Protein chains: 2
Amino acid sequence: MAKRIRMKPDSPQCSTCMMAQVCLPAGLPEREMTQIDQLVKERVRLKKGDSLYQQGESLEALYSVRLGSVKTQLTDLSGQSQITGFYLPGEVVGLDGMLEGQHNSNALAMEDSEVCVIRLDDIDEISRYAPSLQHQIRRIMSKEISRSHHVLMALGSLRSEARVAAFLLNLSQRLAILGYSSTDFVMRMSREEIGNYLGLTLETVSRLFSRFAREGLIHINQREVKLLDLDALKQLSGQA
Amino acid sequence: MAKRIRMKPDSPQCSTCMMAQVCLPAGLPEREMTQIDQLVKERVRLKKGDSLYQQGESLEALYSVRLGSVKTQLTDLSGQSQITGFYLPGEVVGLDGMLEGQHNSNALAMEDSEVCVIRLDDIDEISRYAPSLQHQIRRIMSKEISRSHHVLMALGSLRSEARVAAFLLNLSQRLAILGYSSTDFVMRMSREEIGNYLGLTLETVSRLFSRFAREGLIHINQREVKLLDLDALKQLSGQA
DNA sequence: CGTCGAATTGACTATTATCAAACTAAGTGG
DNA sequence: CCACTTAGTTTGATAATAGTCAATTCGACG
């Protein structure tokens, strides 16, 4: 189960964190970087499948993925559920639900993971003397809005092959930012999760992976992928 | 074309606005309400079809719809475009693109409309002495995230009839908040726009409206709708 | 009254889902 | 250590949903 880890008070967190360049502090001036060092007082360690938060719980913090990966999903009254995002290190989860002050989605660890707890109260506190923190929060929220609008575009106007190609390219880009290979990576999610996220069935996703492989666009072995023809994938995905 | 209207300096705006209860200031304490009165220094009046902002323009402000309705859309390199939202009075447009500081969508007036200009600089300025303004901005952004996640859910996991039913119910609820009838209203958007938003063709939308009417769930005459059986629509949409 | 854009309706087609079977990799327990 | 699960994946055959194309119809407006 989820395990909470308290940080030593006054020990710097963000300014010495390896993720700082890709996480919430990214782009902050040096001076303010040290000021937000007290922002993270706690981390949570999650085992694969553990829940970080659930629909209905009161929202007190945001969570920045430090290690591993997390998915968020909505469940409707008929029991249908929809994955709304896959989050990698440096990405922030829990941005929805601030209107009513309670989470309206579930967040689950897709593998053993660790997240930094960013309490809303502390954001307010610290942003009094580090005003750009507010800008960072806005930028992160804006990025999430933009991201979900792009997924909307994919679900609303792309055909299955284009969605899958776009999915691969998106993962590729985000992994590259983290310093991993952009062409050679392991997907942390199952065919079913990919299908759910993209509004397709797991069979369709599997068939498309097989077809892309047959056509020489990718190599695929279970969850290991190698992107062989980025241009063709871009073409397919509408990002020609 | 779009017409900019300067406000008289020092004349109160938000605190005396009819929309205050459903707009950005909603829920603010009385004391802070007057403090944000200088937030809106300008309004923009748009004719039907006018653009409020375009992909690539630098982002300096948010826009709160005061009158009329606005749609936002993304266009990809292949020319395909996807409507990402329909915005009614009190709703805020322009929340994406803060990461790069430039709009990455287009906003267009769906009818003659008027929007309040909320400059980002002024938000920073005013939130120094009205700290809850930051909370309101966060809440509005969070609401947009939540909204788009719910649309994701609709596009990813609902069938066409469920999407259309959910669309009607959603419009109904938002109009009710504005004080209009929740069962009897005029849709400002064409079948094509609805279809684009919902990831369907205009023919499919038209057929479903006809079928719902035949089955006694709604009355429909062009863009005028009357919702006759809310329960059945909820059932259909998965919000049973 | 005629034109034009929007909406409806029908016939047919394409895409993707569903159902089912077989296969793989990675445990689990005798 | 090996048979036996089990969850995840692949592949095929068939079905359903929604898309495409085309013909009207409707309504608003000049």
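Lettering follows sequence order; numbering is per chain, from 1. If you're wondering where the values come from, they're calculated on a predicted model, not measured in any experiment.
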Mind checking [X] for me? I need base, sugar-phosphate or nothing, with any heavy atom below 4.0 Å counting as a touch.
{"X": "B:Gly199", "result": "sugar-phosphate"}
{"X": "B:Ser190", "result": "sugar-phosphate"}
{"X": "A:Arg163", "result": "nothing"}

Separation of [X] atom [atom1] from [N] atom [atom2], in whole Å?
{"X": "B:Leu208", "N": "D:dT17", "atom1": "CG", "atom2": "P", "value": "12 Å"}
{"X": "B:Arg191", "N": "D:dG27", "atom1": "CZ", "atom2": "P", "value": "12 Å"}
{"X": "B:Ile220", "N": "D:dT25", "atom1": "CD1", "atom2": "P", "value": "20 Å"}
{"X": "B:Glu193", "N": "C:dG5", "atom1": "CD", "atom2": "C1'", "value": "13 Å"}
{"X": "A:Leu202", "N": "C:dT18", "atom1": "CG", "atom2": "P", "value": "10 Å"}
{"X": "A:Glu192", "N": "C:dT18", "atom1": "CD", "atom2": "C1'", "value": "14 Å"}
{"X": "A:Leu158", "N": "D:dG19", "atom1": "CG", "atom2": "C1'", "value": "16 Å"}
{"X": "B:Glu203", "N": "C:dA11", "atom1": "CD", "atom2": "C1'", "value": "13 Å"}

Quick one: does [X]'s side chain get under 4.5 Å of [Y]'s, heavy atoms only?
{"X": "A:Arg174", "Y": "A:Phe185", "result": "no"}
{"X": "A:Phe212", "Y": "A:Glu161", "result": "yes"}
{"X": "B:Asn196", "Y": "B:Gln82", "result": "yes"}

Presence of [X] side-chain N/O under 4.0 Å of [N] phosphate oxygens OP1/OP2:
{"X": "A:Ser160", "N": "C:dT16", "result": "yes"}
{"X": "A:Ser206", "N": "D:dT11", "result": "no"}
{"X": "B:Thr204", "N": "D:dT17", "result": "no"}

*How do A:Asn221 and B:Arg223 order along DNA chain C: which one's closest nucleotide is nearer the 5' end?*
B:Arg223

*Please figure out whether A:Arg207 or A:Gln222 has its closest DNA chain C nucleotide nearer the 5' end.*
A:Arg207

*Before accepting this row, confirm whether a basic side-chain N of the pair A:Lys47/A:Asp112 lies closer than 4.0 Å to the acidic partner's carboxylate O.*
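Yes.
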
*How are the rings of B:Phe167 and B:Phe86 set relative to one another: parallel (under 30°), tilted (30 to 60°) or perpendicular (over 60°)?*
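Judged by the thresholds at 30° and 60°, the geometry between B:Phe167 and B:Phe86 is perpendicular.
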
_What I want to check is whether an N or O donor and acceptor connect the side chain of A:Arg159 with the base of D:dT20 at under 3.5 Å._
no

